[in-house]
There are 2 protein chains.
Amino acid sequence: MGASKINIHTKNHNKIAKIAKVFAHPARVAILYYISKKESCICNDIVDEIGLSQATISQHLQVIKNAGLLKGQFKGKRLCYCIDIKKLNEFQDVMNRYFIKTQVNSC
Amino acid sequence: MGASKINIHTKNHNKIAKIAKVFAHPARVAILYYISKKESCICNDIVDEIGLSQATISQHLQVIKNAGLLKGQFKGKRLCYCIDIKKLNEFQDVMNRYFIKTQVNSC
DNA sequence: ACACATTATCGTAATATTGCAATATTATAT
DNA sequence: ATATAATATTGCAATATTACGATAATGTGT
């Protein structure tokens with residue numbers, strides 16, 4: 001065994017876990033933060049900033065992108081990523097609803 | 001190599017990743033939800049409820065406990081876990097602060 | 001102290017994630 | 001069309017996570 005048994009859990013719980021996974025690595029946390037700080041963002045800049053190889057950064061960007069958190073456009077020669085605020089807010093809502101629900105019967 | 005390079009990131013970003021990791025597995029999401037629903041919680045009940053082995057549930061509980069989210073007491077013969085609301089709220093705040101910060105320059 | 005029930009830990013196997021070098025792809029500008 | 005720069009993908013190695021059976025440890029009640 002060893003693989004996650006995602007099929008035994010509810011849709012909502014799997015969704016929460018999926019969202020949390022995006023933020024479960026400091027590199028991705030840092031990348032998202034960096035993108036949010038720059039008006040137009042370029043991958044090579046991130047490589048310099050974060051201190052991981054271009055390949056690794058690109059991989060992390062894919063994870064973030066697959067979660068639907070990024071919109072990308074080419075601006076001149078370079079790729080400009082920006083954070084999809086709608087998706088980010090949705091993520092925040094999902095997490096907060098879970099946090100609030102989980103507060104019942106706490107101590 | 002393959003191991004996470006946590007040393008190259010900021011303290012705050014590592015903290016966020018650590019918190020998110022707790023919720024990054026559906027079993028842990030489900031366990032926390034279950035504990036919050038029951039007034040007094042017993043591990044064996046969780047095993048029946050979630051559908052994973054006792055050893056696996058115990059492992060997940062350790063992860064949640066190590067994050068500081070659980071308080072445990074013995075009630076009669078059985079261990080009663082409850083969610084530490086203070087810690088949970090702290091986690092929620094950390095995540096929300098990050099969400100809010102990350103909304104700058106989004107699109 | 002002893003039996004019983006519950007929870008934790010150990011050992012092991014399978015899968016997933018992380019990271020990088022090398023290579024391929026893509027887009028822009030000339 | 002070609003050269004150039006930026007980004008994505010591939011292949012591989014190392015580490016981490018997930019899961020479970022077996023066993024150990026812990027606490028309760030008699």
Side-chain angles (χ1 to χ4, degrees), chain A residues 1-9 13-14 17-31 34-35 38 40-67 70-82, chain B residues 1-9 13-14 17-31 34-35 38 40-67 70-82:
Chain A
M1 293 58 222
S4 278
K5 288 189 165 180
I6 58 162
N7 48 309
I8 65 172
H9 304 289
H13 288 168
N14 279 324
K18 224 171 165 183
I19 290 172
K21 236 173 209 179
V22 175
F23 306 100
H25 195 288
R28 289 194 287 273
V29 173
I31 288 169
Y34 182 72
I35 294 175
K38 295 217 84 176
S40 70
C41 171
I42 299 99
C43 186
N44 259 15
D45 287 16
I46 305 183
V47 174
D48 295 340
E49 180 75 13
I50 313 263
L52 291 167
S53 76
Q54 185 267 322
T56 304
I57 295 289
S58 187
Q59 243 177 203
H60 280 303
L61 276 169
Q62 285 310 306
V63 175
I64 298 169
K65 223 196 233 170
N66 285 341
L70 287 186
K71 291 183 187 168
Q73 312 165 276
F74 275 93
K75 251 191 188 171
K77 196 177 297 191
R78 298 165 156 206
L79 189 49
C80 166
Y81 282 121
C82 62
Chain B
M1 286 72 226
S4 277
K5 287 190 166 179
I6 59 162
N7 49 309
I8 65 172
H9 305 288
H13 288 168
N14 279 323
K18 223 171 166 184
I19 290 172
K21 237 174 209 182
V22 176
F23 306 101
H25 195 287
R28 290 195 286 273
V29 174
I31 287 169
Y34 182 73
I35 294 175
K38 295 216 88 177
S40 69
C41 171
I42 299 98
C43 186
N44 258 14
D45 287 16
I46 305 182
V47 174
D48 295 340
E49 181 74 12
I50 313 263
L52 292 166
S53 76
Q54 185 268 322
T56 304
I57 295 288
S58 187
Q59 242 178 207
H60 280 304
L61 276 169
Q62 285 312 305
V63 174
I64 298 169
K65 223 195 233 170
N66 285 341
L70 287 186
K71 291 183 187 168
Q73 313 164 275
F74 275 91
K75 251 192 188 170
K77 195 177 297 191
R78 298 165 155 204
L79 189 47
C80 167
Y81 282 121
C82 62

B:Ile8 atom CD1, neighbour heavy-atom count above 12 within 6.0 Å = yes
Is A:Lys65 near enough to D:dA8 that one of its side-chain N or O atoms lies under 4.0 angstrom from OP1 or OP2?
-> yes
Could you tell me whether the side chain of B:Ile50 reaches within less than 4.5 Å of the side chain of A:His9, counting heavy atoms only?
-> yes
Can you tell which of D:dG21, C:dA22, C:dA8 lies closest to the side chain of B:Ala55?
-> D:dG21
Do the side-chain N or O atoms of A:Thr56 get closer than 4.0 angstrom to the phosphate oxygens (OP1, OP2) of C:dT18?
-> no
Find the distance A:Asn7:CG to D:dT18:C1' and express it as a whole number of Å.
-> 13 Å
Least distance between heavy atoms, B:Ala24 atom then A:Ala24 atom = CB-CB, 4.1 Å
Rounded off to whole Å, could you give me the CZ-to-P distance for the A:Arg28 and C:dG19 pair?
-> 9 Å
Kindly write out the residues that satisfy side-chain contact (heavy atoms from CB on, under 4.5 Å) with B:Ala55, not counting sequence neighbours, or none if the list is empty.
-> B:Ser53
Check the distance between C:dA8's P and B:Ile31's CD1 and give it to me in whole angstrom.
-> 11 Å
B:Ile35 atom CD1 is separated from C:dT7 atom P, nearest whole Å, by 11 Å
Between P of D:dA19 and NE2 of A:His9, the distance in whole Å = 6 Å
Tested for side-chain contact (heavy atoms from CB on, under 4.5 Å) against A:Tyr81, the lone hit among A:Ile64, A:Ile31, A:Leu70 is A:Leu70
CD1 of A:Ile50 versus P of C:dT18: gap in Å, rounded?
-> 14 Å
List for me each residue that meets side chain to side chain donor-acceptor pair (under 3.5 Å) alongside B:His60, sequence neighbours excluded, and say none if there are none.
-> B:Arg28
Any B:Ile46 side-chain heavy atom under 4.5 Å of B:Ile35 side chain = yes
Give a yes/no on whether any side-chain N or O of B:Tyr81 is located under 4.0 angstrom from OP1 or OP2 of C:dT6.
-> no
Numerically ordered, the residues 17-27 of chain B set in heavy-atom contact under 4.0 Å with DNA chain C is none
Kindly say if A:His60 contacts the phosphate of C:dT17, meaning a side-chain N or O under 4.0 Å from OP1 or OP2.
-> no
Starting at atom CD1 of B:Ile57, determine the distance to atom P of D:dA19, rounded to an integer number of angstrom.
-> 9 Å
Examine the base of D:dA8 for any acceptor or donor lying under 3.5 Å from a partner atom in the side chain of A:Gln59, and report the outcome as yes or no.
-> no
Return the value, rounded to whole Å, for the distance between atom CD of A:Gln54 and atom C1' of D:dA6.
-> 8 Å
Heavy atoms only: give me the nearest B:Val47-B:Gln54 pair and the separation to one decimal.
-> CG2-CA, 3.6 Å
Below 4.5 Å, heavy atoms only, C-beta onward: do B:Val29 and A:Asn14 meet side chain to side chain?
-> no
Give B:Gln62 one of three labels, base, sugar-phosphate or nothing, depending on what nucleic acid heavy atoms sit under 4.0 Å from its own.
-> sugar-phosphate
Specify the angle, to 10°, made by the local axes at the two ends of the helix from C:dA1-D:dT30 to C:dT30-D:dA1 when five pairs are taken at each end.
-> 30°
Contacts of B:Lys18 meeting side-chain contact (heavy atoms from CB on, under 4.5 Å) (sequence neighbours excluded), chain-then-number -> none
